[in-house]
Amino acid sequence: MTRAYALGMHVVRLSKHTTSSLPLSCAPAQHHGPSEVPHSHDCFELVYVVRGSGRHVIDDRIYPVLAGDCYLMRPGDTHRYIAEGMRIYNVLFDQSLFTPAEWNELANLPGLAPFLTEDVHRHKLSLSPPHDHEVSERCERLRRELADKRPGFALGAKAMVIDLLLTLDRLALALRAPAASVEGPPPGPVATALAHVHERFSLPLSVAELAAAVGLTPNYFGELFARELGMPVHAYINRLRVEKARDLLERTDDAITEIALGVGFDTCSYFGKIFRHHTGHTPRAYRRVTRVR
């Protein structure tokens, strides 16, 4: 019995959200300020943060929330939001959506198992462009499929959920092994430059260096990069470095200066400025929040 059920805490039923015979729901939602009292679900819940910031409290652990964060919770996990204009996609699904063989295969995938079945499990996956866009687009396609109910929608929606979970599995594995290859922008100079960035993010990187590596002028490369990823090169590099720092702040006791230099920032003061711009917290405050139980 999970803690939420044992304490008689409010349980949100999947049946209240479905619009078809499928044990599945996908809908956008908004959160402003403190949410309702802590609650749980009688199903799995996948939350993708489209925009906004705040805190997500899951089983008494506090997660600072940023756009691009993805949370996967099990039946009975308790949670609530303390949000600042947060917009999310909320995907609810029951294990019965899948055949026993399908569920066994999904639940044992190395990237998904820590979220779905392992005793010590994860809740959060932080995604950077272009991978956050992949997840957002898959959620929107699933929402439309369930809303339109065209002939064959049940098969289509189930296939989309499997595709979404497989995408998260592969992204989770890629984050563990940065050299791993995952789907990104279409093959070409930007994809080649991205591989270079992810392999060398902790070293000095310039637009001119990346442009030369793919045989383009700096100006044209910068325009192409921004068009395909929706942000300038330096903004992408800073965001990637902040994500690496978030992970280290959450799970290690490394000194903040050591983390700043280790993820590629020249000085601790510049790291603090960029980190606060992205997260709304200083690195020290971020670590303190994530260690509250």
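- A 6.0 Å sphere centred on CD of E105 holds no more than 12 heavy atoms belonging to other residues, nucleotides or ligands.
- Inspection of the D77 and S40 side chains reveals no N or O donor paired with an N or O acceptor under 3.5 Å.
- Electrostatic pairing of E140 and R144 counts as a salt bridge here, judged by a charged N lying under 4.0 Å from a carboxylate O.
- Counting all heavy atoms, side chain and backbone alike, V50 lies closest to Y89 at CG2-CD1, 3.6 Å.
- Residues L106 and L14 fall into different hydrophobic clusters, defined by Ile, Leu, Val, Met, Phe, Trp and Tyr side chains chained together at heavy-atom separations under 4.5 Å.
- Under a 3.5 Å cut-off, the side chain of R246 and the backbone N or O of P64 do form a donor-acceptor pair.
- Using a 4.5 Å heavy-atom cutoff, the side chains of L116 and L165 are not in contact.
- Other residues, nucleotides and ligands contribute over 12 non-hydrogen atoms within 6.0 Å of the NZ atom of K149.
- More than 12 non-hydrogen atoms from other residues, nucleotides or ligands lie less than 6.0 angstrom from NE2 of H196.
- With sequence neighbours excluded, no residue forms a salt bridge (charged side-chain N to carboxylate O under 4.0 Å, His left out) with R87.
- Atom CD1 of I88 and atom CG of D69 lie 12.0 Å apart (nearest 0.5 Å).
- Shown here for F201 and L205, the closest heavy-atom pair between the two residues is CA-CD1, 4.0 Å.
- The minimum heavy-atom distance linking L146 with C26 is given by the pair CD1-N, 3.8 Å.
- Using a 4.5 Å heavy-atom cutoff, the side chains of L164 and C139 are in contact.
- The hydrophobic cluster containing L168 does not contain L92, counting ILVMFWY residues as joined when their side-chain heavy atoms lie under 4.5 angstrom apart, directly or transitively.
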Under the side chain to side chain contact (heavy atoms under 4.5 Å, CB included) rule, what do V197 and I237 come out as? Steps first, then yes or no, please. CA-CA 7 Å; V197 168; I237 293 171; 4.1 Å; yes
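- Distance check: H121 NE2 to I58 CD1 gives 8.5 Å after rounding to the nearest 0.5 Å.
- Distance CG/L248 to CG/D253: 11.5 Å, rounded to 0.5 Å.
- Remark: the backbone N or O of S96 is paired with a side-chain donor or acceptor of D94 at under 3.5 angstrom.
- In this structure, a donor-acceptor pair under 3.5 Å is absent between the side chains of N219 and T217.
- No side-chain heavy atom of S25 sits less than 4.5 Å from a side-chain heavy atom of T19.
- The side chain to side chain donor-acceptor pair (under 3.5 Å) test with Y63 is passed by exactly one of R55, K124, H123: H123.
- Note: the hydrophobic cluster containing Y270 does not contain L261 (ILVMFWY, side chain heavy atoms under 4.5 Å, direct or indirect links).
- Side-chain contact between F225 and L194 is present, with at least one heavy-atom pair separated by less than 4.5 Å.
- Side-chain contact check for C268 versus I256: some heavy-atom pair is nearer than 4.5 Å.
- Taking 4.5 Å as the limit, every side-chain heavy atom of P283 sits out of range of all side-chain heavy atoms of I259.
- Side-chain atoms of T167 and R138 form a donor-acceptor pair, as typed in the model, at a separation below 3.5 Å.
- Looking at every heavy atom in both residues, T252 comes nearest to R287 through O-NH2, 2.9 Å.
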Under the side chain to side chain contact (heavy atoms under 4.5 Å, CB included) criterion, do L142 and L24 qualify, and how do the steps go? CA-CA 10 Å; L142 175 59; L24 172 65; 4.1 Å; yes
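- Of all non-hydrogen atoms in H234 and V207, the two that sit nearest each other are NE2-CG2, 3.8 Å.
- In this structure, the separation between CG on L166 and CG on L109 is 6.5 Å, given to the nearest 0.5 Å.
- Residues M231 and L240 fall within the same hydrophobic cluster, defined by Ile, Leu, Val, Met, Phe, Trp and Tyr side chains chained together at heavy-atom separations under 4.5 Å.
- If you take CG on N90 and CZ on R143, they are separated by 13.5 Å, rounding to the nearest 0.5 Å.
- Under the 4.5 Å side-chain contact rule for hydrophobic residues, V12 and V91 do not share a cluster.
- Between V214 and F221, the shortest heavy-atom contact is CG2-CD1, 3.9 Å.
- A salt bridge links E209 to R200: one of the charged nitrogens lies within less than 4.0 Å of a carboxylate oxygen.
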If you apply the rule side chain to side chain contact (heavy atoms under 4.5 Å, CB included), what do you find for K158 with I162, and how did you get there? CA-CA 6 Å; K158 177 177 175 178; I162 292 174; 4.3 Å; yes
Does R141 form a salt bridge (Lys or Arg N to Asp or Glu O under 4.0 Å) with E145? I'd like the steps, not just the answer. CA-CA 6 Å; R141 288 202 298 270; E145 189 73 14; over 6 Å; no
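- Relative ring orientation between F271 and F265 is described as tilted, the plane-to-plane angle lying within the 30° to 60° band.
- The ring-ring contact (aromatic ring centres under 6.0 Å, His included) test with F44 singles out one residue from W103, F115, F98, and that residue is W103.
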Assess the residue pair M73 and D59 against the criterion (side chain to side chain contact (heavy atoms under 4.5 Å, CB included)); give the C-alpha distance rounded to whole Å, side-chain angles, the decisive distance to 0.1 Å, and a yes or no. CA-CA 10 Å; M73 293 165 283; D59 287 343; over 6 Å; no
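- A distance of 6.5 Å separates OG of S126 from CD of E250, quoted to the nearest 0.5 Å.
- Between Y71 and H56, the ring-plane angle classifies as perpendicular under the 30° and 60° cut-offs.
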